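Here is the structure we will look at.
Every value quoted in this text rests on a predicted model; they were computed, and no experiment measured them. Residue numbering restarts at 1 for every chain, and letters A, B, ... go by the order of the sequence lines.
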Amino acid sequence: MFKFISTFRLQFLIIATFIGLFMLMSQTHTNEGTSRFQSVVQTLTYPLQASVNSVASTFKNLWNSYISLIDVNEENKLLRQQLLDIEEKMNQHIENSVQFLRLRNQLLFASKKITDKIFAEIIGESADNNHDISLINRGSNQLVQRNYIVLRKEGLVGRIQSVSPFQSSVQLITDHRSRVSSLIQRNRIRGLIYGTHKGLEMRQINQHANIKIGDRVISSGLGGLYPKGLLIGWVKEIRRQKHELFKTAILDSAVDFNQIEEVFVIVPSKTDSHLFIE
Amino acid sequence: MMRLFLLALGLMLIGVWLSIVFNNYVQFGGLKINWLLMFMLILTFRHSKLLIAFLGMLAGLMMDALSHGIIGLYGTSFFLTLLLIIQVSKLFYANTFLAVSLAVFSMSIFEGWISLSIIDMFEPGLELSTNLLTSNLPVAILQGLMTPIILQFVIWGEKLFLRDLA
């Protein structure tokens, strides 16, 4: 037996490696959390990513400031004219906004939820082509936790997938694993947003549902992960086939995922914390 | 052997650097070149040592940590691809730029197919054939086109580290 093992030790080593790798894969897939190995690699690569990102941003800003100096005189004249128009409009808006603020404060008082936002910069993205993951420069040291929601003012970006001390990975809603329960804002028709790597699709819409191109799509709050009312996008195209039970809407996402540089991580209030328990 | 190990490790670290920094700023048609895989493929084609296959597995694990959550996915696909190369390179010898480019192209497709199949196994919903055509194939072509440059770099590294072997 020992002789057999020693004769085929190389083959045994290779088979043992494969078994080890499959066990590792199954374990990390079942746990769906941040593995220690991932945390170590991300912690080690963070200084490099953060420093390069910082240098690149500085150069980008310098270049942009140089570009903006060109044609500055003509732009200045145009802006002065626009300023006069805007001042006139502003007077009207001030009057409207006073009224708006008063009414909004009344409404907020009724449904107040204390949530903190953590500002984060995007410092990298997934190393492969198969996943839509972005890396942000906030991690467990800044109290970021798995499944926290990531937003921009334009709309929903994704959720925190894994956390290491200095950085976290964000699973974008365009990732093929992402599912967001959603509804059409106009008539509350429900569907499920699937990430398709290239964009977003709202599937499982009733075949007879009345949806139109340009309809706003928001999160429905079902499922507990994403809060209700976050803007996801607009209907761009509707696909339906007679033999299918459901129809599909192709969406224009509210967030331009190729352009995002900063995001907000939403820290849920204590009353919402049950939503984030794994 | 130790020198080869150090060279492979060095190239692996350069691959990691290119993957996490260079790929963020330079993408061809929105596609990211798999630098780690390229270095490991070229090195295995030139040396056919099991050691490189194991280092390739480590490179794959690093790729896993830098891309998604399932640790071991790219580790398996890299290891399997490099083992296949070791067997293939026993059958014929080819070390010209064109031959290595074609070999990198075909092996990139093989690795992509393996990794996408495993992803499909763990993460249902992935459109395997679409991904193979729209992502894996163009990346394999890109990697094939980039091969001469990387091969030249690897040869330069070999001259520096393995003077007596190169």
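If you check the side chains of A/S219 and A/S182, you find no donor sitting under 3.5 Å from an acceptor. No hydrogens or angles considered: a donor-acceptor pair under 3.5 Å links the side chains of B/E111 and B/S77. A donor atom on one side chain and an acceptor atom on the other are found under 3.5 Å apart for A/N130 and B/Y74.
The distance between the ring centers of B/F22 and B/W35 falls below 6.0 angstrom.
Heavy-atom pairs under 4.5 Å with chain B were tallied for A/T17, A/V41, A/T196; the largest tally goes to A/T17. Ranked by heavy-atom pairs shorter than 4.5 Å toward chain B, the options A/A127, A/G20, A/G124 are led by A/A127. Your options are B/T134, B/L61, B/V139, and the one with the most heavy-atom pairs under 4.5 Å with chain A is B/L61. The candidate with the highest count of non-hydrogen atom pairs below 4.5 Å against chain B, out of A/N258, A/D175, A/T45, A/L135, is A/T45. By number of non-hydrogen pairs under 4.5 angstrom with chain A, the leading residue of B/L66, B/N131, B/N136 is B/L66. Of all the listed residues (B/I71, B/D64, B/T76), the one sharing the greatest number of non-hydrogen pairs under 4.5 Å with chain A is B/I71. Of the listed residues (B/N23, B/L31, B/V16), the greatest number of heavy-atom pairs within a distance under 4.5 Å of chain A belongs to B/L31.
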Would you sort out whether B/Q143 and B/S108 count as a side-chain hydrogen bond (donor to acceptor under 3.5 Å, both in side chains), showing the intermediate values?
CA-CA 8 Å; B/Q143 287 177 183; B/S108 298; 2.8 Å; yes
Is there a salt bridge (Lys or Arg N to Asp or Glu O under 4.0 Å) between A/R138 and A/E121? Walk through the geometry before answering.
CA-CA 8 Å; A/R138 295 287 182 269; A/E121 280 180 70; 6.0 Å; no
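A donor-acceptor pair is defined here as one N or O able to donate and one able to accept, closer than 3.5 Å; no such pair exists between the side chain of A/R152 and the backbone of A/F264. Side-chain atoms of A/Q259 never come within 3.5 Å of backbone atoms of A/D256 as a donor-acceptor pair (strictly under, hydrogens ignored).
The contact between B/S135 and chain A is made entirely by side chain atoms (from C-beta outward), counting heavy-atom distances below 4.5 Å. Heavy atoms of B/L83 lying under 4.5 Å from chain A belong exclusively to its side chain. Only the backbone of A/I123 comes within contact range of chain B, with heavy atoms under 4.5 Å apart. For chain B, no part of A/S169 is nearby; none of its heavy atoms comes within less than 4.5 Å. For B/I20, the parts lying under 4.5 angstrom from a heavy atom of chain A are both the backbone and the side chain. Contact of B/N34 with chain A is not made at all, since no heavy-atom distance falls under 4.5 Å. If you measure heavy-atom distances from B/L37 to chain A, you find no contacts under 4.5 Å at all.
Between B/E158 and B/R46 a salt bridge is recorded (basic side-chain N to carboxylate O distance below 4.0 Å).
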